[in-house]
Amino acid sequence: MNAASSEEGLRARVLALVAQIPPGRVMTYGQLATLAGQPGAARQVGYVMNGLMDTGSAHSPGLPWQRVINAQGKVSTDKLGFGDLQRGLLRAEGVEFDASGKCDLGRLQWWPEEAATGQERLL
DNA sequence: TCAGTGACTGGTC
DNA sequence: CGACCAGCCACTG
């Protein structure tokens, strides 16, 4: 068995990564897909997140789903109706959004290796 | 089994 | 920067 067993599927893998995102930081769908071992499966990651709403937070209490945004640095939940909610949650954590609704990915995007190396954010 | 769909991404115009 | 197109994987009817 490989270190990252995919018995639970991409879903559990993505949720585990999302749960590790520190406050004030964000990750992209494609990034999660790559870290989950399936580069290019960004769409699937979005599907997993959408599944969170269906199953309810009971399955993953406290899961910081709001820290998952698209590669453009914008939230993909505007069309869903709770884009303002996600932006509000992120802003409460210190994430600043542009007038276009974009945030600085280069500064806010988080990678697990940062935690491993103990690298501090530049700010 | 096939076709449609989606909280995506990258390239081209 | 916005609009369009093709590739991508899992789920639904």
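We name chains A, B, ... by the order of the sequence lines, and we start the count at 1 in each one.
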For [X] and [N], give me the distance from atom [atom1] to atom [atom2], rounded to whole Å.
| X | N | atom1 | atom2 | result |
| --- | --- | --- | --- | --- |
| A:Leu10 | B:dA7 | CG | P | 16 Å |
| A:Leu32 | C:dC9 | CG | P | 17 Å |
| A:Arg11 | B:dG6 | CZ | P | 19 Å |
| A:Gln86 | B:dA7 | CD | C1' | 8 Å |
| A:Gln66 | B:dA7 | CD | P | 18 Å |
| A:Leu52 | B:dA7 | CG | C1' | 10 Å |
| A:Gln31 | B:dA7 | CD | C1' | 16 Å |
| A:Met49 | B:dT9 | CE | C1' | 17 Å |

Between A:Lys102 and A:Pro39, which residue's closest nucleotide on DNA chain C lies nearer the 5′ terminus? A:Lys102
Under 4.0 Å, counting only non-hydrogen atoms across every strand here, what does [X] touch: a base, just sugar-phosphate, or nothing?
| X | result |
| --- | --- |
| A:Tyr29 | base |
| A:Gln38 | sugar-phosphate |
| A:Ser100 | nothing |

Hey, could you give me the CD1/CH2 distance between A:Ile21 and A:Trp65, rounded to the nearest 0.5 Å? 12.5 Å
Counting side-chain heavy atoms from C-beta on, which of [options] comes nearest to [X]?
| X | options | answer |
| --- | --- | --- |
| A:Tyr47 | B:dG10, C:dC11, B:dA7 | C:dC11 |
| A:Ala71 | B:dT9, C:dA10, B:dA7 | B:dT9 |
| A:Ala41 | B:dA7, B:dG10, C:dC9 | C:dC9 |
| A:Thr77 | C:dC9, B:dA7, C:dC11 | B:dA7 |

What pair of heavy atoms forms the shortest contact from A:Leu10 to A:Ala41, and how long is it? CD2-CB, 4.5 Å
Work out which heavy atom in A:Ala19 is nearest to a heavy atom in A:Pro64; give both atom names and the distance. CA-CD, 4.0 Å
Salt bridge or not for A:Glu93 and A:Arg25, using N-O below 4.0 Å? no
Output every pair passing salt bridge (Lys or Arg N to Asp or Glu O under 4.0 Å) with a member in residues 68-80 of chain A, not counting sequence neighbours, ordered by first then second residue. A:Asp78-A:Arg87
Report, one pair per line, the protein and nucleotides 3-5 of chain B atoms (nitrogen or oxygen only) whose separation is under 3.5 Å.
none

I'd like to know if the side chain of A:Gln109 pairs up with that of A:Gln31 as donor and acceptor (distance under 3.5 Å, no hydrogens or angles considered). yes
Transitive ILVMFWY side-chain link A:Tyr47 to A:Leu35, under 4.5 Å: no
